[in-house]
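These notes concern the structure reproduced below.
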Number of protein chains: 2
Amino acid sequence: MKQVTIYDIAKEAKVSVATVSRVLNGTAPVKISTRAKIEALIQKHQFQPNAMARSLLSKETGIIGVILPDLTNPFFPEVFAGAEKEAQESGHTFLLCNTMGDYAKESEYLNIMQEKRVDGILFIGGRINLKECEPDLVQEMVEHAKKIPMVLINGNLRDTELTRVATDEYAGTMLAMRHLIELGHKRIGFIGGESHMTTTSNKLRAFRKSLRDAGLPVREDWILPDSFSMESGKQQMENLLEKKDRPTAVCCVNDFTAIGAIKTAIEHGLKVPDDMSIVGFDDIPLAHHVIPELTTVSQQASELGRTAMKVLRQLINKGKVKKLTSLEPQLAVRQSTAPAMMPSYSESFREISSG
Amino acid sequence: MKQVTIYDIAKEAKVSVATVSRVLNGTAPVKISTRAKIEALIQKHQFQPNAMARSLLSKETGIIGVILPDLTNPFFPEVFAGAEKEAQESGHTFLLCNTMGDYAKESEYLNIMQEKRVDGILFIGGRINLKECEPDLVQEMVEHAKKIPMVLINGNLRDTELTRVATDEYAGTMLAMRHLIELGHKRIGFIGGESHMTTTSNKLRAFRKSLRDAGLPVREDWILPDSFSMESGKQQMENLLEKKDRPTAVCCVNDFTAIGAIKTAIEHGLKVPDDMSIVGFDDIPLAHHVIPELTTVSQQASELGRTAMKVLRQLINKGKVKKLTSLEPQLAVRQSTAPAMMPSYSESFREISSG
DNA sequence: TTGAAAGCGCTAACAG
DNA sequence: CTGTTAGCGCTTTCAA
């Protein structure tokens, strides 16, 4: 397993290491015959220059660190793939770290990336989604960002100037709500999302605003935050269905909760979308595969990753970048939403099902 | 962005770099007072030793390279997560490369990993799943494996001694087939999988064998390989349903094709599993979420990744390892399979639906 | 067109 | 307990 070095090549070619280096990098003219000899040797030994040694001089590793919470959540691989596509151009490669939502692990990985001198960091999920993030966790990020270019994806840290790329969740939820309202729904609930996360409050803000704009009442007892899992969507739909008086449509914090909500609604004998319209957020691949297919707000995850990588590269190249690059989400209307039932219908429906 | 070095710390502490190095690594006793002084400085400057420089000496990077075809296929993130969990122990971190099934890109990444001197490589998908792999692609792998410990996951390269960790696909398919046969199915088809890939032929071998073992005929016109996508499952189920004489159950090459097959069967008015039993392979998360939930063979992807990482670590530590570590898959019986209809029933069914 | 030598940041003898 | 020094593999002046 002994690796061959530039010295081995130089010795065998009877030249100095400088000359070998020159043919390796094309950094200065080399006599054609000695070049040939050296290239032959490189080929013969399958010689690959040691990137560590190079980086020690150049101060560049060609590595981008990615910190994300959970690769088995299909949203993240899409973001990652987008970033990777964009990185092809600049020849960057990725050090990928899953934190499983553990802040201590985030810190650990941040340190590792600092030690490995990655060229830049893409940070998504975890602490940057908190409404109130511990001051020392914030401070730590600021310190690292001073040494390594960093961009936050779909998150923020208060009182901080870190560069961000984010989907406009407020606008996205407005899209979803306007769709529901245009379908004639006047009784709309909200399901899922942890209250201490910004994504939840952003979406709830839009939820309330759109209701007010349409002159509809905001029924606080139909707002049921919880978490982001399918289980949570099931549970909260369960709670909603227990109420005598219930909505004809729900807006969910993400696709997982929306799918959970659909399942539970169907189990209780409701027809989706006829008896209950449900809209999600994210547009994960699963949204297409569920029956009925989910109407949802597309984050364009791949585009998000791509843009983040583009911005990070500008940062690395010391170009000037906007503090916030905002991406407009799009509504994908599919099968889980339909016009609200006529009042008389829904009246009799409620009587039957709650009787 | 100027990074501080061990020299900066040493100078400010008025000691030599060796002393700083000692407190960094606890490699020799240091007077308590000078240690304190140095630690304070390290804290103050948020100093992190440069891993490049360290690796240059130690010949270890703490990085494992992972080459896989497509992270947006949910099977791979699970394998990766398993490997990552196992790697926690040894403090390894991952360089992740998506090849999108492009062999040239595989070569490129192999070279990058060689240059970066990763401690080991995990290779999954792509060329190692080919029944006939180009000799130079094989040769290239062998050359790299001579310099860097490498383990192949769920694949193989002919006439090669590379270390492998793999699910026993043959055994898994036997499990699935025995399940169908025990349910009384006598007319069974096979859908999906590219013929030039080993996974397809392994599964087909088991498919044929189990039929012969049970004294059932192998109907070649019900064997419909194609690719691994949901689209492919739809298409081939379509083809199957056009036949006058069709099976009561199908064994699919993977979960995606199985789900596609289910969708098409349902669209054609069949009841799954009553009119048609369908079994998949892999047990991706989606298998739980589809209605009816998919009966499938679980590869235990996470365990696969974990085991591969364990084996790779042994290889790195120059321990002796088995050439092939085989994992036994398990059958997960869910809702997409049911007893075969009684002959009379199925007879009348065929007449009705083909009339 | 080529070689000698300094140095990137760190560790590890080897002397004190 | 601590400092000096020689590399690790490579690039890059500076001379020749």
Side-chain angles (χ1 to χ4, degrees), chain A residues 1-39 41-42 45-62 111-119 147-148, chain B residues 1-39 41-42 45-63 111-112 114-119 147-148:
Chain A
M1 301 242 187
K2 165 77 168 63
Q3 299 270 5
V4 345
T5 76
I6 200 173
Y7 280 92
D8 300 323
I9 303 290
K11 189 184 296 177
E12 194 166 341
K14 300 204 218 319
V15 297
S16 77
V17 294
T19 306
V20 180
S21 174
R22 285 177 189 119
V23 346
L24 241 28
N25 303 292
T27 172
V30 173
K31 206 206 310 184
I32 193 106
S33 65
T34 69
R35 162 186 302 266
K37 189 166 49 174
I38 290 170
E39 277 170 347
L41 256 12
I42 288 175
H45 293 287
Q46 295 281 311
F47 170 68
Q48 310 266 48
N50 183 325
M52 303 298 151
R54 275 184 164 170
S55 300
L56 209 49
L57 279 297
S58 69
K59 311 309 202 188
E60 284 180 2
T61 55
N111 286 334
I112 289 178
M113 290 180 179
Q114 168 68 35
E115 287 185 356
K116 299 214 188 297
R117 301 299 192 258
V118 299
D119 292 342
K147 305 190 174 178
I148 302 183
Chain B
M1 300 241 185
K2 164 78 167 63
Q3 299 270 4
V4 346
T5 76
I6 201 172
Y7 281 92
D8 301 323
I9 302 289
K11 188 186 296 178
E12 193 167 342
K14 301 203 218 319
V15 296
S16 75
V17 293
T19 305
V20 178
S21 175
R22 284 176 191 121
V23 346
L24 241 28
N25 303 291
T27 172
V30 173
K31 205 209 305 183
I32 192 105
S33 65
T34 69
R35 162 186 301 267
K37 188 165 47 174
I38 291 170
E39 277 171 346
L41 255 13
I42 288 175
H45 292 288
Q46 295 282 313
F47 169 69
Q48 309 266 49
N50 183 325
M52 304 296 151
R54 274 184 165 168
S55 299
L56 209 48
L57 279 296
S58 70
K59 312 309 203 186
E60 285 179 0
T61 55
I63 299 180
N111 286 333
I112 289 179
Q114 168 69 35
E115 287 184 357
K116 297 212 189 298
R117 302 297 193 260
V118 299
D119 292 341
K147 304 188 174 180
I148 302 183

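Each chain gets a letter, A, B and so on, in the order its sequence line appears, and its residues count up from 1.
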Which whole-number value in Å describes the distance from B/Arg117 CZ to D/dG9 C1'? 9 Å
Value in whole Å for how far the C1' atom of C/dT11 lies from CG of A/Leu56: 13 Å
Ignoring hydrogens and angles, state whether a donor on the side chain of B/Gln3 or A/Gln114 is under 3.5 Å from an acceptor on the partner side chain. yes
Short side-chain donor-acceptor distance under 3.5 Å, B/Gln48 and A/Asn111: yes
Proximal nucleotide (of [options]) relative to the [X] side chain:
X	options	answer
A/Leu24	D/dT11, D/dG9, C/dT11	D/dT11
B/Val17	C/dC8, D/dT12, D/dT5	D/dT5
B/Asn50	C/dG9, D/dT11, C/dT2	C/dG9
A/Thr19	C/dT2, C/dC8, D/dT2	C/dT2
A/Thr27	D/dT12, D/dC10, D/dC8	D/dT12
B/Pro49	C/dG3, C/dC10, D/dC10	C/dC10
B/Ser16	D/dC14, D/dG3, C/dC8	D/dG3
B/Tyr7	D/dT2, C/dC10, D/dG9	C/dC10
A/Val15	D/dT2, C/dT2, C/dG3	C/dG3

Taking every heavy atom of B/Val118 against every heavy atom of B/Thr61, the minimum-distance pair comes out as CA-OG1, 3.6 Å
Using a 4.0 Å heavy-atom cut-off across all strands, classify B/Thr34 as base, sugar-phosphate, or nothing. sugar-phosphate
Report the residue (B/Ala18 or B/Ala53) whose heavy-atom-nearest nucleotide on DNA chain C is the more 5′ of the two. B/Ala53
Whether the side chain of B/Thr19 engages the backbone of B/Val15 through a donor-acceptor N/O pair (distance < 3.5 Å, no angle test) should be reported. no
OP1 or OP2 of C/dA12 versus the side-chain N and O atoms of B/Ser21: is any pair under 4.0 Å? no
Under 4.0 Å between a side-chain N or O of A/Arg54 and OP1 or OP2 of D/dC10? no
